[in-house]
Every structure is written in structure tokens, then in C-alpha cells.
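Written below as C-alpha cells is the structure these notes are about.
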Amino acid sequence: MNYISTRGQAPRLNFEETMLAGLARDGGLYVPEAVPAMPRDEIAALAGLPYEEAALRVMRPFLGESFSPAELGEAIAAAYAGFGHPARAPLVQLAPDHFLLELFHGPTLAFKDFAMQLIAQLFEIALARSGRRVTIVGATSGDTGSAAIEAFGGLDNVDVFILFPEGRVSEVQRRQMTTPDAANVHALALDGDFDACQAQVKAMFNEFDFRDRVGLAGVNSINWARVLAQVVYYFTAATNLGAPHRPVRFTVPTGNFGDIYAGHVARAMGLPIERLVIATNVNDILHRTLETGRHATTGVTATISPSMDIQVSSNFERALFDALGRDGRAVAQLMDELRAEGGFAVPQGALEALREGFASGRASEEETAAEIVRTHAETGLLLCPHSAVGVKVAREQPAGGAPMITLATAHPAKFPDAVEAATGLRPGLPPRMSDLFDRPERVTCVPNELGAIEALIEERITR
Ligand SMILES: *Cc1c(COP(=O)(O)O)cnc(C)c1O
């Protein structure tokens, strides 16, 4: 199994190299050369299996020779052992034909734990084997950083530095980054916004001297291994509701298009997904792209669902690559146009393919808050604002048809202010982390200055 770049100019890599590389050298994203099909009887056999066993069966064909089945099995077991629910990704019924897939039972209460916990284990195996060390540097608006610090903390061959915008993450998010006490993880509060954090990380990757000296690696959502880990719960949810004998529909709260792209991969493997719905907040570039055929960036608006406040939706490039008949040259041209002019027109054939593959909808701030209230009144469940965007958009899809599964991407207690403002109720943390507010914090404030940040990293890394 080999991986190719969406821009067609980077070397083809195996799974392990793809995971360690993150971004391709031509600026593109890695995708499998061919998505392996999963035969219908093998899909049917997933129903009712423990999550870990299903994960092994779904992911194995993508790994080639990179990890043995035993290594993958051990990585999966270690990744999900710390989850607070035995089903890992349980389904809860909202209405006769509408289900919620709860992806927030991991250690940092957001779906990012599914991928980050697993790739931390796979990094550890690969690095131990090669005797290499890497330095992971990432920017976060909250959830990715906490998931990375939790997943990589205490591992042997990795140091982790997470840049977050000081004062602009929720208190739960901040404490999840600043309270782990492992010596190899470092939360850096940057004097600037999320875009400034991301710009500093990009700048570091572009300084090849520094990059090689510290062995820079990335674990942001464009990393193929993260997408793959997320494919699994589409299979477990769908088969537990009767797939492949009956189809299902999914609605996915979307920012960087990573989670929903995993659904696209599941469908390409043979899972009967009748409809895959993009749900956005007012930062609705993806919804507008499908409606108008023009993919154009505007400014980012801060919302109560901050993990979806994104203007450049990186993983969309993977869907575009497929929609363009896997023409890397065409993707590269459109991406150049995006960078130079802030947008591009999706070619007609590709637009039709995208509209065939995805539906979309958006929720305003008021609609999101109203959905939190409505779902609570009807079911007694409190939704986080991201999940509420999904539930609201799912309700607008045509009635009848296959059962709808909406992905619940975070626990309401991770965004308690928004939930309380909507309902008057303040969601509490699960008992296993109820001491979060009592633990000591460890954080380093850094200026928005590349030289200073690089010096700090070089001083702190393990040699
Ligand atoms: C990251 C995140 C999203 C968006 O996921 P993408 O893969 O970027 O589309 C939605 N909700 C929550 C809570 C998140 O942390």
C-alpha cells in the first residue's frame, strides 16, 4: 500500500513514511494510491465487535508492511484503554430515525482523541525501531493541542510543543494542555491569535536548518494516519444500525474537513452511506462552495463553536483531488489560485461529483443555541455547540430514507459557557477528570517571534 500526493509531484511513500512526513513535499496531502475495498461479508461481520477489534480489521489493509498486525493491535489497545466508555464510540438515540455518535469519551473530551491517541502509539513504535527522535510542534485553537499533549506525554522518543493563542481557548481546553506533568510536553501561550500560532509553525517547517536540527514532525489534521483512525467509527456506527444490509446517513460538524473526509473514505471502501452531510457554523466556506461552485475565503468570525472557526479547510483538497479524477496538476493549479487570489471556481465536472458525494447546511449562532435548548428539552441530553450545529443541519435533511447519524464531536463540559448561556445549565466534567481545576498548571508565555520560539524549543528538547 503506497501513498501519493494530491499535487502529484512528491515521492510516493509507504504508510509509516506518510505518517511521519505529515505534509507532502510538494505542498500536497497524501492519499492512498487506491482505497482498499472491504467485502460486504467482512463489513457485516463488524457488527457488535469490540471497538478495538473493528479498528484492527478496518485499518489493517492501509498499513501494508509498515506495522505487523500484532504491533497495530497493541497500539490500538493502548490508544483506547483510557477512554471513559467501554463502547469507545457509543450511539445514543435522539429520535426514531436520528442517532448521536458520541465521540467525546476520550481523555480530552473531543473526537480528536481517537486519532491522536493512536498515532502517538504508532509514532512510538516506528521511532523505537529506527532509533530516531522527533520534535512535534503544533498550533491549536484548543482541541488538537490538548489531545496531542495527552497522547504523547511520557512517550520516549518525542518532545511536543503546542502553541495556543493566549486568552482565546476555553479554560477546560487550557487546563488540559497545562496540567499534564510529563517532562516531554510543553504548552506555549503565544501573544497573538490562532492564525499567528499557525503562521509560526509553518515558518518553522520552512526553515530547513532548524527543521532538520530538531527533527520536526507534524500531527495536524492533514496527517493521513489521523484520517484513517477516524474511518473506524463510521463502520462501527453503521454496522450497529444494520449496515451493510441497510444504508445509513451521516451529518458531520466540519471545520478542516478531516472528520467528514474519513466518512468519504469509509464509503469508498464499500460502506453504504446514502448521504454525507457537511454541517458548518457561520464560517461556511464549504457550504458556499457546494451552493455556488466557488471556493473563496472570507474573514473568520469567532463563534460559540470555535473548533470550526476555520477559513482554509485543508482536507478539502483531498475531496477535490478525487472529484477532479485524481488529477494532481489540476489540484496544484487551483491551490495556487486560492493562495494568489483567495478563491477559485470548481470545474463543472468536479462540482457535480462533489454535489453527488456531499450535502451541506449551516447553523447561525442563534440556531446553534436554539438547538442545544431543543435537544435538551426533547431528550434530556446536553450537546456541545459543535454537535448542536450538526444536529440542527441533520434535522433539515429530507425525511424518510436511511437512519441519520450525527457525530457529537465534543463533550458539553468542554464548552460550558456556551451551553450555560443557552440553557442555564452548566455541564459538569465526567468524574474521572473532576479534579482538573485543582491540578497545578505549567505554561510558558512566548512572544509572537520566530527566533524566540525556536530558541526555547532547542533549549528544551531532549538530546
Ligand atoms: C476539530 C473539531 C471539529 C472539526 O473537525 P474537522 O476534522 O476539522 O472538520 C468539530 N468539532 C470539534 C469539537 C472539534 O474539536
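The figures that follow rest on heavy atoms only: side chains count, while hydrogens, waters and symmetry mates do not. We count residues from 1, following the sequence as given. Remember, predicted model here, so these are calculated numbers, not experimental data. Order of listing sets the numbers, starting from 1, for every ligand and every atom in it.
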Record the part of [X] in heavy-atom contact with ligand 1 below 4.0 Å; permitted values are side chain, backbone, both and neither.
X	result
Phe111	side chain
Lys112	side chain
Asp143	side chain

Quick one: which ligand 1 atoms are inside 4.0 Å of a heavy atom on [X]?
X	result
Met308	10 (C)
Asn256	6 (P), 8 (O), 9 (O)
Ala410	13 (C)
Gly258	6 (P), 7 (O), 9 (O)
Thr254	9 (O)

Task: Geometric N/O contact Asp259 with ligand 1, under 3.5 angstrom - done: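 It does: an N or O of Asp259 is found under 3.5 Å from an N or O of ligand 1.
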Open item on the list: Test your reading of the structure: does Phe415 have an N or O sitting under 3.5 Å from an N or O of ligand 1?
Closed with: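 Such a contact does not occur with ligand 1.
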- [ ] Name the closest protein heavy atom to atom 4 (C) of ligand 1, giving the residue it belongs to and the distance to 0.1 Å.
- [x]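 Result: Gly255 N, 3.6 Å.
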Task: Nearest neighbour in protein (non-hydrogen) for atom 12 (C) of ligand 1 - done: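 Protein heavy atom at minimum distance: Thr409 OG1, 3.4 Å.
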- [ ] Check whether the side chains of Asn223 and Arg226 place a donor and an acceptor atom closer than 3.5 Å, and report yes or no.
- [x]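 Their side chains do not contain a donor-acceptor pair, so the 3.5 Å distance test is not met.
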Task: Side-chain H-bond candidate by donor/acceptor type, Asn283 with Asp309, under 3.5 Å - done: yes
Task: Worked verdict on Phe114 versus Tyr80 for ring pair (Phe, Tyr, Trp, His ring centres under 6.0 Å) - done: CA-CA 8 Å; Phe114 276 90; Tyr80 302 124; 5.7 Å; yes
- [ ] State whether Phe358 and Arg267 meet the cation-pi test: NZ (Lys) or CZ (Arg) under 6.0 Å from the six-membered ring centroid, and within 45° of the perpendicular axis.
- [x]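 Cation-pi check for Arg267 and Phe358: passes.
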Open item on the list: Using 30° and 60° as the class boundaries, would you call the ring planes of Phe344 and His295 parallel, tilted or perpendicular?
Closed with: tilted
Task: Results of side-chain hydrogen bond (donor to acceptor under 3.5 Å, both in side chains) for Arg168 - residues two or more places apart only - done: none
Open item on the list: Filter on side chain to side chain donor-acceptor pair (under 3.5 Å), then keep only pairs touching residues 109-121, sequence neighbours left out; what's left?
Closed with: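 Found Thr108-Asp113.
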Open item on the list: Quick check against the 3.5 Å criterion: does Lys392 have a side-chain atom that pairs as donor or acceptor with the backbone of Ile372?
Closed with: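 No, Lys392 side chain to Ile372 backbone: no donor-acceptor pair under 3.5 Å.
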